[in-house]
Engineer: 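Attaching a single structure in structure tokens format; questions to follow.
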Amino acid sequence: MNAVIKQQTDAAVSATALRKSYGKKVVLDGVDLTIGKGQVFALLGPNGAGKTTIVRILSTLIPAEAGTATVMGYDLRAEAGAVRGVIGVTGQFSSVDDLLTGEENLLLVGRLLHLPASERQARASELLERFELFEAARHTPATYSGGMKRRLDLAMTLMGQPRLIFLDEPTTGLDPRSRQTMWQIIRELVHEGVTILLTTQYLEEADHLADRIAVLDHGRIVAEGTPEELKRRIPGAHIRLRFADSASLAEAARLIPEGTRDDEQLELRVPNERGIRPLRDVVARIGDHVAVEDLSIHTPDLDDVFFAVTGSASKDKSQ
Amino acid sequence: MSALTFAAQDSATMLWREIKHSIRLLRLLIVSAILVPVVMLLLFDYILGGTLGHGLGDVARGAPYIDYLVPGILVMTIAGGCGPTAINVSMDITGGFVDRIRAMAVVRGALLAGHVGVSVLRMLVASAAVTAVALLLGFRPKASVGDWFAVVGIVAAFSFALAWLSAAIGLVTKSVAGANGSTLPLSFLLPFLSSTFVPADSMPVGVRWFAANQPFTPVVDSLRGLLTGAPVGSTPYLALAWCAAIALVGYLWAQAAFRRA
């Protein structure tokens, strides 16, 4: 009993049986969600799974057809205004004003938040500095890189010092370096005590950032847990060896009995833990006896998670 | 702070944003809002004006064609502002800006108020500039001070009405290109099918009835009467009634479309 009450008071988001459909297409089919304060919660799923719809409902942009939710203790329906006061949203589509400079974009949001002029200016300068946008502050976003635009978008969200931030696919389309920068920014926000709900198509991203992950498929949560819990359900990483003919495959399979043979693809899959020791071991055992056509290392990705929890690949599901 | 203060504050912020936009796009706006009507003025006055002026006969009351033409060009100048307004609204809807402000505690109507406010401002500035050019080209209005006030009033009312209508068009069209295209009947077709360049009486029978009874005609006729010093009768009231009706329809349509968008 105590645990239940505590969970409710500590929850940044608590949603029950959310439903939404567009015409005959059911987008959300009864989603329950509890996000603890200070947590990073990742919604993982392919395109069309319903990630963005959840974000849009919880950020008051669209109403759910059924279900209830509280956000930071406020009822989503009855107290939408109060909800808007404590959340920040950085959507999938850029909300940066392309005709205003970076600084003007921040000041615009500051005005809409009714911050006093001095505070507006101070906060804008602080965010420009923090997100390495100071030199770009007097230019319009037309001259920005994708990563800079995304950082400005997030900085606009942070003008209001929200307690809960929704990040809808924050790194989709970014180059690896910009992605790292975005991850660093997200970690800093968590450090400051902000709760984050992020959506992503990448298991790696959820794994790096999230305390809890919910896997979404066809508008339902099909698995939920810590990254460790989820990964335990996924068949581990493996080394793939491809051969020119079935004789070589047979010989390799004899040398490495723990591998799984795939006669059609002429492949041998050997379970692989982290580190290079197992790889070195496999290579040493094959030695010069068998000609290996190709060697690749496979790490679990969204497809593997999907396969493990739904029994079908995400690519088929999303169609 | 009261709700009304917030509404005023947020509208002012959106107005500020739109003014910034207009300044950034100033060169483009000067071409589309001022240069295009001036070119129309030159074309109709110098190239077509001789024949058109003769054809007017008694309607011109002995004055050169430019005096008949300028009120029509003013209406075209105002109508030319519809495209940019619809485009700006459409850009906000198709981008992520509307989503951002909707997830904030921003007063709902502020965004459209900003768009319409600056739209009217742009139309008024363009009308003043085009009038100034017309004066340089030989336009000689005979309006009294009172008439001038009435002219400004009608220009402002017509701008306000078309601005709301354009905002609604910008909201319901699904793309920026669509928003631009959908305002063309307003900015191009309706002026020609009115007494903008020639009297409605001179048109083919089928078109004549439409031209005589559509809103552009009383607006042009009022401006023409006031500027040339001819008696206007109740036409300005008819023009203002049309403006009020268009503004109301545009406003209600825009509000409904904004809720759905």
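We name chains A, B, ... by the order of the sequence lines, and we start the count at 1 in each one. Small disclaimer: the values here were computed from a predicted structure and weren't measured.
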Engineer: What part of A:D98 lies closer than 4.5 angstrom to a heavy atom of chain B: side chain, backbone, both or neither?
Structural biologist: neither

Engineer: Contact between A:L112 and B:Q9 at the side-chain level, heavy atoms closer than 4.5 Å - yes or no?
Structural biologist: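 No; the side chains remain at least 4.5 Å from each other.
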
Engineer: For A:E104 versus B:W16, what's the shortest heavy-atom pair and its separation?
Structural biologist: O-CH2, 4.0 Å

Engineer: By a 4.5 Å heavy-atom criterion (distance strictly below it), what part of A:L61 contacts chain B: side chain, backbone, both, or neither?
Structural biologist: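 For A:L61, the contact with chain B is made by the side chain alone.
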
Engineer: Sort B:L25 into side chain, backbone, both or neither according to what part of it lies under 4.5 angstrom from a heavy atom of chain A.
Structural biologist: side chain

Engineer: Measuring heavy-atom distances to chain A, does B:M14 have an atom under 4.5 Å in its side chain, in its backbone, in both, or in neither?
Structural biologist: side chain

Engineer: Give, as side chain, backbone, both or neither, the part of A:L113 having an atom under 4.5 angstrom from any heavy atom of chain B.
Structural biologist: both

Engineer: Of all of B:R17, B:H21, B:M91, which one pairs up most often with chain A through heavy atoms under 4.5 Å apart?
Structural biologist: B:H21

Engineer: Let me confirm one number: the OG1-NE2 distance from B:T5 to A:H114, rounded to the nearest 0.5 Å.
Structural biologist: 9.5 Å

Engineer: Just wondering, are more than 12 heavy atoms of other shown residues or ligands nearer than 6.0 Å to CD in A:E192?
Structural biologist: yes

Engineer: Residues two or more places apart in sequence or in another chain: which of them pass ring pair (Phe, Tyr, Trp, His ring centres under 6.0 Å) with B:Y251?
Structural biologist: B:W164

Engineer: Taking side chain as everything from C-beta outward and backbone as N, CA, C, O, which of these in A:V96 sits under 4.5 Å from a heavy atom of chain B? Side chain, backbone, both or neither.
Structural biologist: neither

Engineer: Does atom CZ of A:F131 have more than 12 heavy-atom neighbours, drawn from other residues, nucleotides or ligands, at distances under 6.0 Å?
Structural biologist: yes

Engineer: Residue by residue, scan residues 95-113 of chain B and write down, ordered by number, those that have a heavy-atom distance under 4.5 Å to chain A; if none do, write 'none'.
Structural biologist: B:G95, B:G96, B:F97, B:D99, B:R100, B:I101, B:R102, B:A103, B:M104, B:A105, B:V106, B:R108

Engineer: Are there over 12 heavy-atom neighbours, none belonging to B:L26, within less than 6.0 Å of that residue's CG?
Structural biologist: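 Yes.
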
Engineer: Counting only heavy atoms not in B:R24, do more than 12 fall under 6.0 Å of its CZ?
Structural biologist: yes

Engineer: Would you indicate whether B:F192, at its atom CZ, is surrounded by more than 12 heavy atoms from other residues, nucleotides or ligands within a distance under 6.0 Å?
Structural biologist: yes

Engineer: Quick one: closest heavy-atom pair of A:L100 and B:K20, and the distance?
Structural biologist: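 Nearest heavy atoms, A:L100 then B:K20: CD2-CB, 3.6 Å.
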
Engineer: Can you tell which of A:T60, A:L108, A:I87, A:V89 has the highest number of heavy-atom pairs within less than 4.5 Å of chain B?
Structural biologist: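 The option with the most such pairs is A:L108.
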
